[in-house]
Amino acid sequence: MPPKAHIEPYLTPDDLKARYRQSRDTTEARRWHLLCLVAGDWTIKQSAEVVGLNYDYAKEIIRRYNREGPSSVKNRSRERQPPIAKSLLTSGQQQELMQALRGPAPDGGSWSGPKVAEWIAEKTGRPHVWPQRGWDYLKRLGVNWKD
């Protein structure tokens, strides 16, 4: 039988169980449940299977709990912010694009996302700019492309 995992005594087993039952966040509830089971003499492997977590992830939850205490159980995924998208064009290039958009597209037709993407690639020297980025700039600059 594998050795019992050590849980730092920040909280009693009854406190762990209470936090598991009171948690409204499912991610946090699963972590509390795992800790509650391991504190009740279950192995990490058994606890992870019951709770539905990967064994290595379960070990990490226990390590983090032992290192940081009850605050480590908190689900931080909602706090993470996506990285700010880096602009392809400088403000001067955006002004230049705005000026270009007032006239016809290089092929003589209307401007579209792919055409703006080609214009951006040409101006910035990039080998490729995705058409979606062209649409993004049309929207960002407030161009009514439906006309």
Side-chain angles (χ1 to χ4, degrees), residues 5-13 15-39 42-147:
H6 172 73
I7 300 270
E8 289 291 332
Y10 296 111
L11 300 171
T12 67
D15 291 337
L16 291 170
K17 189 175 188 176
R19 295 224 182 167
Y20 157 57
R21 290 185 171 177
Q22 293 169 356
S23 183
R24 300 214 183 279
D25 184 285
T26 56
T27 300
E28 289 177 27
R30 290 170 87 179
R31 292 174 184 170
W32 286 117
H33 192 189
L34 174 81
L35 292 166
C36 179
L37 293 173
V38 172
W42 288 49
T43 66
I44 297 173
K45 185 176 182 179
Q46 291 169 330
S47 303
E49 285 178 15
V50 167
V51 177
L53 294 174
N54 174 287
Y55 174 69
D56 291 329
Y57 181 57
K59 285 194 315 188
E60 179 56 34
I61 290 168
I62 291 168
R63 273 191 216 111
R64 200 172 347 143
Y65 178 79
N66 286 338
R67 193 174 53 241
E68 300 172 27
S71 64
S72 70
V73 178
K74 185 173 190 232
N75 183 1
R76 297 180 186 120
S77 65
R78 291 189 184 112
E79 296 170 1
R80 287 189 215 120
Q81 296 293 322
I84 297 172
K86 185 178 171 191
S87 181
L88 292 175
L89 300 175
T90 65
S91 58
Q93 290 171 325
Q94 287 184 42
Q95 292 298 324
E96 201 176 331
L97 174 58
M98 192 65 192
Q99 192 68 28
L101 292 172
R102 290 189 181 117
D107 66 358
S110 298
W111 283 96
S112 65
K115 291 177 187 177
V116 172
E118 286 177 27
W119 186 94
I120 293 170
E122 191 176 302
K123 277 294 172 191
T124 61
R126 292 174 180 265
H128 178 73
V129 174
W130 292 101
Q132 180 60 44
R133 295 302 301 266
W135 285 114
D136 292 344
Y137 274 96
L138 283 172
K139 286 185 348 188
R140 180 184 295 178
L141 297 174
V143 174
N144 185 358
W145 51 270
K146 293 181 181 179
D147 291 340

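With hydrogens and angles disregarded, a donor-acceptor distance shorter than 3.5 Å links the side chain of K115 to the backbone of S110. Remark: side-chain polar atoms of W119 are not paired, donor with acceptor, to backbone N or O of A105 under 3.5 angstrom. Not a single donor-acceptor pair under 3.5 Å links the side chain of Y137 to the backbone N or O of L97. Looking only at distances, a side-chain donor or acceptor of W111 sits under 3.5 Å from a matching main-chain atom of G103. With S72 contributing its side chain and G69 its backbone, the two residues share a donor-acceptor pair below 3.5 Å. Formation of a donor-acceptor pair under 3.5 Å by the R126 side chain with backbone atoms of I120 is not found in this model. Here the side chain of R133 pairs no donor or acceptor atom with the backbone of A117 at under 3.5 angstrom.
Contact check for L16 versus W32: side-chain heavy atoms found under the 4.5 Å cut-off. Contact annotation: the side chain of H33 approaches that of L37 to within less than 4.5 Å [non-hydrogen atoms, C-beta and beyond]. No side-chain heavy atom of Q99 sits less than 4.5 Å from a side-chain heavy atom of E96. Using a 4.5 Å cut-off on side-chain heavy atoms (C-beta onward), P70 and L11 make contact. Taking 4.5 Å as the limit, some side-chain heavy atom of Q94 sits within range of a side-chain heavy atom of S87.
For Y65, the ring-ring contact (aromatic ring centres under 6.0 Å, His included) partners are Y10, not counting sequence neighbours. Residues forming a side chain to side chain donor-acceptor pair (under 3.5 Å) with E28 (at least two apart in sequence, or on another chain): none.
Side chain to side chain, T43 and Y55 fail the donor-acceptor criterion of an N or O pair below 3.5 Å.
Here the closest heavy-atom approach between residue S77 and residue N75 is recorded as OG-OD1, 2.9 Å. In this structure, L88 and Q93 approach most closely via the heavy-atom pair O-OE1, 4.0 Å. When all heavy atoms of A58 and A48 are compared, the closest pair comes out as CB-CB, 3.7 Å. Scanning both residues, G113 and L138, for their nearest heavy atoms gives N-CD1, 3.6 Å. The shortest non-hydrogen separation linking K74 to R31 is O-NH1, 3.1 Å.
Within a 6.0 Å radius of NZ in K59, more than 12 heavy atoms belonging to other residues, nucleotides or ligands are found. R21 CZ: 12 or fewer foreign heavy atoms inside a 6.0 Å radius. More than 12 heavy-atom neighbours from other residues, nucleotides or ligands sit within 6.0 angstrom of CD on E8.
Separating the CG atom in L35 from the CD1 atom in I44 is a distance of 10.0 Å, to the nearest 0.5 Å. Separation of atoms CD (E49) and CG (L34) is listed at 12.0 Å; rounding is to 0.5 Å. The line from OG of S47 to CZ of R30 is 13.0 Å long, rounded to the nearest 0.5 Å. Between atom CD of residue E118 and atom OG of residue S112 there is a gap of 8.0 Å, rounded to the nearest 0.5 Å. Between L89 atom CG and T124 atom OG1 the span is 7.0 Å, to the nearest 0.5 Å.
Under the side chain to side chain donor-acceptor pair (under 3.5 Å) test applied with D136, the options Q132, R140, K139 reduce to a single match, Q132.
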Let me see the working for Q46 and V50 under side-chain contact (heavy atoms from CB on, under 4.5 Å), right down to the final yes or no.
CA-CA 6 Å; Q46 291 169 330; V50 167; 5.6 Å; no
